[in-house]
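For reference, the structure is listed below as structure tokens.
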Amino acid sequence: MATRATHGLYGYLAEFREPWDLIDAAAKVRDAGYTRWDCHTPFPLHGLDHAMGIRGTRLPWLVLCGGLTGLTAALLMQWWMNAHDYPYLISGKPLFGLPAVVPVTFELTVLLSALTTFFAMWGLNLLPQHHHPLFNSERFRRATSDRFFISIEARDPLFQGERTREFLAGLGADAVEPVED
Amino acid sequence: MSSMNQNGLDHNYWRSLQELSDEPEFRRFLEGEFPEPAEVPTDAMSRRRFLQVMGASVAMASLVGCRWPQETIVPFASRPEGVTPGTARRYATVMELAGAVSPLLVTSFDGRPIKVEGNPDHPLSQGACDLFAQAGLLELYDPDRSRHVLEREGGRPRRRSLGDGEAAAAAAFTALRARRGAGLAVLSEASSSPTFAALRGRLRDELPEAAWYEYEPVSRDNERLATGLAFGEARRVRVDPGAARVLACFDADLLLDHPTALRNARGFANGRRAEDGEMNRLYVVESDLSLTGGMADHRVAMPSLEIPRALYGLAAELVLGRGLSLPPGYESVLPALEHVRAAGHAPAWMGAMAGDLLAHRGESLVAVGPRQPDHVHVLAILLNEVLGNTGRTVTYGPDDQRGLSHGAAIATLAVTMGKGQVQSLVILGGNPVHDAPADLDFGGLLDRVAESWHLSLFVDETSQHCRWHLPRAHWLESWHDVRDHDGRYAVAQPLIAPLYDGWTPAELLSLLLDGVRRPAHDLVRATADREPGAGDWEALLHRGFAAALPVEKAAALDGRGVVAAVRRGGMAKPAEVGRENLELVFVRDPSLHDGRFANNAWLQELPDFMTKLVWDNAALFGVSTAAALDVAHGDVVELQLGERRLEAAVYVLPGHAPWSVSLSLGHGRTAAGGVGNGTGFRAYALRNSSALDAAAGLKVVRTGRSHRLATTQDHHAIDAVGMREREKRSRSLVVSGTLAEYREHPDFAAHRTHHPPLVSLWKERPREGFAWGMTIDLSTCIGCNACVVACQAENNIPVVGKDQVAKGRELHWLRLDRYFQGDPDAPAVAHQPVACVHCELAPCEQVCPVNATMHNEDGLNVMAYNRCVGTRYCSNNCPYKVRRFNWFNFNSDIPDVRKLVYNPEVTLRSRGVMEKCTYCVQRIETVKIDAKNEGRPVRDGEVVTACQQTCPTQAIVFGDLNDPQSRVTKLTTGDRAYHLLAELNVKPRTAFLARLRNPNPELAESADGHPAH
Amino acid sequence: MDSQQKDPRRDGPDPFRFPKWTNAIRLPVTLAAALAPLFILGLLYLLFSPGATSVGYQPAQPVPYSHQLHAGLLGIDCRYCHTGVETGAAATLPPTSVCMNCHATVRAQSEKLQLVRESFATGMPIPWVRVHDLPDFVYFDHSAHVRRGVGCESCHGRIDKMEVVRQFAGLNMAWCLECHRDPVPHLRPEDAVTVMGYVPDEPQIELGRRLRDARHITPKTDCSTCHR
Amino acid sequence: MGTLLTRDTIDNTAHDPTRPQELITGGYDFTSLTDKVCGIVERRGAPRAWWVALGFSSTLAVTMFAMIGYLIFNGVGVWGLNNPVGWGWDIVNFVFWVGIGHAGTLISAILYLLRQQWRTSINRFAEAMTIFAVICAAIFPGIHVGRVWVVWWLFPLPNYQAMWPNFRSPLLWDVFAVGTYATVSLLFWYTGMVPDLATLRDRAVTRTRKIAYGFFALGWRGSNRHWHRYEKAYLILAGLATPLVLSVHSVVSFDFATSQVPGWHTTIFPPYFVAGAIFSGFAMVMTCLIPAREWYGLKSIVTLYHLETMAKIILATGTMVGYAYATEFFIAWYGGNPAEQFAFINRAFGPYAWAYWIMVSCNVISPQLFWFKKIRTSPVALLIICIFVNIGMWFERFVITVISLSRDYLPSAWGYYRPTPVDMLTFAGSFGLFFTLVLLFMRYLPMIAMAEVKTVMPQKHWESKVSRPVGDYHGTNPGDR
């Protein structure tokens, strides 16, 4: 198994069999002060965020903006179309009445919020990203089924090829392997 | 026209237009260049464009006198300077049906008549118009009309050119003239035409050997015979219900089946408006449920054959019971009356009726219908005489003296034909093979006539048995003249050149007499010049009729004749109709008359005013009779009369007389055309020359089969739950009360339905500008259907056919709701015309997702067909269910000539769009534009909707609700006004005026004013 | 099924890996996918615009009649031929007799007028090709517009400059609504209605306002104004 | 793969408050679970039964499209509609399918917010079903109009008529509600599926599968920094979908409730419709899931406990629906509006009484059997009763739509509606389309949300094993947000 940090090295990949080992390990990596590293799990592990020290995302705020846009857009559209651009006399009702416009307004608010959520989430995750060095690792193919991984990138300021590999092995990983870029 | 023929242009009016339509550019705009192709409807709408261009070209041509008839036509009213294509013009003319006259005003658009209305200046119509004249339009453009001369050799028809036909006829006629008419018989329809009479006179003089017969399957001969007995000469009985305060009708349908029905209706209605003074009272004794019967304050249903006894009973009650004195010389009728009185006790209603008649001497009227035998009519004449009505409510005018009655005439002709004494038979119109009495086997006899000519609009049953068939000119295509029931002279002018160069009967006669076919125009013109009081020809055409009435010699009652007839009738053994001896009554079909209109789709799909049947007739049974005989609605039964048999469907009609079965004549045609063939059941098959009106001894045998009757109301056999509810609800929908109630609480109508105060959730917009509204007076609406046809013609409403109606998909914008209330055997009848009521808070509008229906500034609920997507939500949400949906494209596959009937001012609706009454918005817009162009306000009554225009009783009033002085405002704010389903707070613009009944206080009254006798 | 059956390790190496360039194109691709619908809608909108479908339509006529000559050079008033324009819905094409009023003498033998003479002789109309064609469910009334002082020019353009008549305006509903919502720019004194290239003495806006108020011109935008 | 339903061997419905509910039986671990679920999709060649089913349902689906073609060519008249009854099976089917479309989003969203862990085994399937049901539903309003080719006028698009849609019309609300609902459900479904698609990608042994699944997996690599936002997004979507799912059927009910028609004009419609929707939705989930779990041997993942819980929900909602029926009658009587009163008398005793009583017996009476645990826990009984519920709920929509219209205010305009063969084939065809889509889904996509199930598996009880407490971290760590 090649252990020498080469030029095309992406980083090291440590495999764990059990979730709890990963959590412990993640906390240690965090304390060691690594910044460009990540955990890979087949399902969201509770507590792993804390262990990795990930702070809250700004996603909700984006959604709020999306929602408000939908709300105002809906209200303006309905007023403009039915009461301003071409005012219709319908059933002797007022040209613009709040009760009548509530449903559409609500729906558009929800729609834009949902769309924002969806696209913002993938955007912030920089996904889709069909090509990734980690996919070069055969071992990594189990990351979406039943194995748990920690990857530390070579770009991390604290990264020192061999030392980092030993550090990972020391965390009780079942296996540690370099990933070529 | 000749110039065109020389230029090799097809002389068929329509096809010459077709040529133009073949221009590629023309096709382009048929396809349409509108931004949204999806928008441009299927061929349906482009048809209107087609016609406009066609019309325009014709108009242009007409300026240089191309296909326009050579004779000048003078516009009736306000003729525009020059002729502006694309604008409608109106011409006065008349239509004659079996001798009865409808004075008309026909709207012509670019050379094609598109609407028939009554002539407002003529006393007989006063603007109103009957069904047949209005629907005549569709007959004119009927693609099934015959276009060629047909010669039959060995039964196989060969097409001949008009020229050849004329030549052949001319030759044969020359021979006949040589024989002084020996072996010639002429069979004609009834006609009041002086021109025709003159020709007939000439025939009598010039061809003395020839015989003339006149036959109408439905006629008023009994009345005519009676006048012969009573006055020594045939007289026309003229009634004036307007002058009568008490009307007693014995099997007489004065409001519909009468030569002056329109005037009768108008007069009757004027006597029903309680707010304008006293109210008349109408008693009806009849077997079937007639239109007049529906309006009765007291109606007695009894078998037709027993009605004579009823009138004799009344006479006895009056003379013996109430001491009405007979003039000297008439005492000898007393034994007859005593005989009758001895026979049976007078029922309550009879006493009440007698009392009423006595109380209103000189302003009452006893009328007897055409189905009653002559002596009954004589008795009526006598009663009117002794009641002092003669000269007031009834007069007797001269009638042209012809010999045989129609029944006798056809029978005699049959006999002569049977003897082989007729070598040449000229049939001027009519369809005897279909409608002659069954026992004569006219068809068989006709086959044995060597030379037979049949002049008719269609190649019908009779044409199929004649050697020669000659195409006849439609009344809208021909010059004609008539003498109406009052003796007034009138001229009919053609609205369009004969589409197929057909001839008029007069023209054929002139060919027969003179050897050359003289144009009808010349014939009529000649008569008119002779006619005293006809006045200036142009003025005559302009006006449509001669102002002056001819002087008549008064009628003198011939006592002996009267006495003889009354004694004969009174002593005769009265018919005993009952379970063991049912009667069958042959009634004239309200839509098809005697069957001649069978191929008219408008009339076929016109709901019968009582049964609401379309595309069918049925054997009508009373409710209890049906129960007793164990037959149900839709069953097929075999009617057996002597050795004759006919299978017909059963319709159980509330209010129909017990032990009596009514079957309308005219259905069951076999050669009517694509529309009329095979609808209904051929009543003529049971009609013998011995009993043309009513026959006893009917047997009803159940076949176990059933027939699908299509009705526009009660689309399905209704269950008990629904029945109860309908009965309950109808009383709040059709608000009716008695005169007494009205006098006590004039505004009773408004308080019939109780509902919480009506408040809107929002501030309602004020009415500005126009606020069109309508009132419909249920007191005067007789339910005659004239408005329905008018609406159909005005608004290009398609017919959908029997199957679609049976599914509940009829398209009539205006429907006449009919409710029966109370005892099923003697119900009160209520008619209610319902079209879009143009709610101010219209429920249909708010649910339309695309704004295809909305309010315009005049407060109309308008419908933009070209915006409609067809969700049908508006219809679902309409409480009145007056919206109509185009389930298919009902305007496709229409033959070209049939398209000429379309009103270019109204869009043809394509498939998948909703439509409904527009208050005739096209008429409103036209009036508004004209008014604005002339810089004046719109006058009250200037906008007239099609239904309002044609209403015989003026039950419909239309106008501006923002104008406090307008009639409609006064009526809407008046006593009897109420709004249908007011509790929904949709604020309809159409208001109804509560129906008032004027029952005789002597007779016990049930809630809805129908007699409990 | 036993849990080893589908273990990828035994199923040999990874059959495929997405190459690096797929990352490069993801942004453009995503954007394109997102904008495609808008693009198509816009395309359709333009495709069906009256400008694309009807304006400039200029069919050949059976008779080479030149408005430029008659209305322009000779200055014949529109109403000389289109007689219905002030009284009826249709402006009406002139009957052949009107042409012959002059052409019986003027250019009586001209080749171009062959069809006209024929028509006059036979009485068969000349099949002019309709240029300004409204959909069949639209009811336009010339008199209602001309009598209010809307110039012919407003809808038909500079007829006096057209050798062969050409459709000038879109004639679609949105176009009609423009003027029905604000007629001011199109109102003229009644005597100037048929004038081509009319220039008012005062600013059009003021003139228009004055005429509008003077004649109580309140065009409607209801369905029933044009559809029946 | 047995086609006949067998009694479940493992019964995990016994309730023991001391122990956490055992949701996954059969001793599955991450590996075997993954193999199990993916195996269904990865096996070469589908079982014959699947082909038969697909053949049948796709034929039906094709029939429907043929009928739609026929309809568009000839006009709406080919249906049995008439003047009083302007809406018939078309709208009935629409409401029916929209109702079914509710279970999925409900299970995923509301139960997710309520932390109902048992949802994980069934939510994927239910969501898929939602999508397909909404597709079937969306067809009907589209084709029921008279002029299909201008149906785009219902959308606020610029056009040369310069006309806009009418936002007061409940039909327009429908367009937006159903449209939004379809979109959000789809996003929700897809988002939840991405990790599982990644699993399939990584297990793929052929190039095509790898590319196909890989493309839709968006390059998901289980990164926890992704999981972090992913879970937040999922939570937000759930939060948005919850009011949405309630709003959709409320809006659908407005079509009726805001109208004038006696029998439609009722204020209880929104809650009543929503309850009915959940009711029918769950019934349909069961109808599909019970055979599926049988044939694909998923009994240990979709356990009896799951079925029983759903049965309880059906019992609850069914009872609510029954209550709504009763209320309608009470209000009709108490409100004192004669037209309203007759509308309901007519339902129960008029010419359409048969439809009404079918509805009552299927929707109100049959679910009451779920009071018995024996029935609750017998898949066969569950399946049968659920089918009855489906029938009953279709009739509920028929009763509301058709009976009310057939007899409204003016007796003269009363009518009777009879469906035509075109009506029937179109409706049958919609089932064909639905099951075609379901079958394809079961064949090519993970039926069980593996990533979610794994979070509730016994193997995951690891908190105890962590050597040091995992508290909030307050140090600095430039993890991108």
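Below, read A as the first sequence line, B as the second, and so on, with proteins coming before strands; counting in each chain starts at 1. Source: prediction; values computed, not measured. Below, all heavy atoms of this structure are taken into account, side chains as well, without hydrogens, waters or symmetry copies.
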Taking all heavy atoms of Pro42(A) and all of Ala451(D), pick out the closest pair and write down the distance. O-CB, 3.7 Å

Atom pair CZ/NZ of Arg168(D) and Lys93(A) - distance to nearest 0.5 Å: 8.0 Å

Tell me, side chain or backbone of Thr34(D) under 4.5 Å from chain A's heavy atoms, or both, or neither? side chain

For residues Pro103(A) and Val251(D), report the shortest heavy-atom separation together with the two atoms involved. CB-CG2, 4.5 Å

Tell me the closest heavy-atom pair linking Ile54(A) and Asn224(D), and the distance in Å. CD1-ND2, 3.7 Å

For Phe215(D), look at atom CZ and say whether over 12 heavy atoms of other residues, nucleotides or ligands are found less than 6.0 Å away. no

Report yes if the side chains of Pro243(D) and Phe106(A) come closer than 4.5 Å at any heavy-atom pair, otherwise no. yes

For Val194(D), is it the side chain, the backbone, both or neither that has a heavy atom under 4.5 Å from a heavy atom of chain A? side chain

Specify which of Gly214(D), Ser250(D), Ala198(D), Gly219(D) makes the most heavy-atom pairs with chain A at under 4.5 Å. Gly219(D)

Please find the pair of heavy atoms, one from Val184(D) and one from Ala114(A), that lie closest to each other, and give the distance. CG2-CB, 3.6 Å

List the atom of His40(A), the atom of Arg221(D), and the distance in Å for their closest heavy-atom pair. ND1-O, 2.9 Å

Could you give the distance from CE (Met121(A)) to OG1 (Thr191(D)), rounded to the nearest 0.5 Å? 5.0 Å

Heavy-atom pairs under 4.5 Å with chain A, option from Leu33(D), Leu172(D), Leu244(D), Thr183(D) with the top count: Leu244(D)

Quick one: what part of Asn166(D) sits under 4.5 Å from any heavy atom of chain A, side chain, backbone, both or neither? both

For the atom pair OG (Ser223(D)) and CH2 (Trp37(A)), what is the distance rounded to the nearest 0.5 Å? 10.5 Å

Can you tell me if Lys454(D) uses its side chain to pair, donor with acceptor, with the backbone of Ser145(A) under 3.5 Å? yes

Spatial distance of atom OG1 (Thr117(A)) from atom NZ (Lys232(D)) [nearest 0.5 Å]: 12.0 Å

Choice from Ile90(A), Leu115(A), Leu108(A), Leu134(A) maximising heavy atom contacts with chain D below 4.5 Å: Ile90(A)

Out of Ser169(D), Ser247(D), Ala217(D), which one racks up the most heavy-atom pairs below 4.5 Å with chain A? Ser247(D)

Proximal component of Phe135(A), with respect to chain D [non-hydrogen, under 4.5 Å]: side chain

Residue part contacting chain D, namely of Trp79(A), when any heavy atom lies under 4.5 Å: neither

Distance-only side-chain donor-acceptor flag, Trp227(D) / Thr41(A), under 3.5 Å: yes

Close side-chain approach of Thr144(A) and Arg203(D), heavy atoms under 4.5 Å: no

Please report the interatomic distance CH2(Trp173(D)) to OG1(Thr105(A)), rounded to the nearest 0.5 Å. 10.5 Å

Hey, mind stepping through Asp49(A) and Glu231(D) against side-chain contact (heavy atoms from CB on, under 4.5 Å) and telling me if it holds? CA-CA 11 Å; Asp49(A) 293 354; Glu231(D) 288 218 278; 5.5 Å; no

Can any side-chain N or O of Asn82(A) pair as donor or acceptor with the backbone N or O of Phe167(D) at less than 3.5 Å? yes

For each of Gly67(A), Gly97(A), Ala100(A), tally heavy-atom pairs with chain D at distances under 4.5 Å, and name the one with the top tally. Ala100(A)

Quick one: does any side-chain atom of Arg142(A) pair with a main-chain N or O of Asp202(D) as donor and acceptor, under 3.5 Å? no

If you count heavy-atom pairs under 4.5 Å with chain D, which of Leu111(A), Asp38(A), Val63(A) comes out on top? Asp38(A)

With a 4.5 angstrom heavy-atom cut-off, is it the side chain or the backbone of Thr199(D) that approaches chain A, or both, or neither? both

Closest non-hydrogen atom pair, Pro156(D) against Met81(A): CB-CE, 3.4 Å

Given ring pair (Phe, Tyr, Trp, His ring centres under 6.0 Å), test Phe188(D) with Phe118(A) step by step and report yes or no. CA-CA 8 Å; Phe188(D) 205 20; Phe118(A) 182 77; over 10 Å; no

Got His228(D) and Met52(A) here, is their nearest side-chain heavy-atom distance under 4.5 Å? no

Leu218(D) CG to Leu127(A) CG distance, which is reported to the nearest 0.5 Å: 6.5 Å

Between Tyr88(A) (side chain) and Trp164(D) (backbone), is there a donor-acceptor pair under 3.5 Å? yes

Side chain, backbone, both or neither: which part of Tyr190(D) has a heavy atom under 4.5 Å from chain A? side chain

Where on Asp85(A) is there a heavy atom nearer than 4.5 Å to chain D: the side chain, the backbone, both, or neither? side chain

Non-hydrogen atoms of chain A under 4.5 Å away: do they reach the side chain of Pro170(D), the backbone, both or neither? neither

Counting only non-hydrogen atoms closer than 4.5 Å, does His130(A) touch chain D with its backbone (N, CA, C, O), its side chain (CB onward), both, or neither? both

With a sphere of 6.0 Å drawn around NE2 of His265(D), does it hold more than 12 non-hydrogen atoms of other residues, nucleotides or ligands? no

Okay, Val101(A) and chain D: the region with an atom under 4.5 Å from a heavy atom over there is neither

Looking only at Val175(D), Leu240(D), Leu235(D), most heavy-atom pairs under 4.5 Å shared with chain A are made by Leu240(D)

Ranked by heavy-atom pairs below 4.5 Å to chain D, first place among Val102(A), Asp21(A), Val110(A) goes to Val110(A)

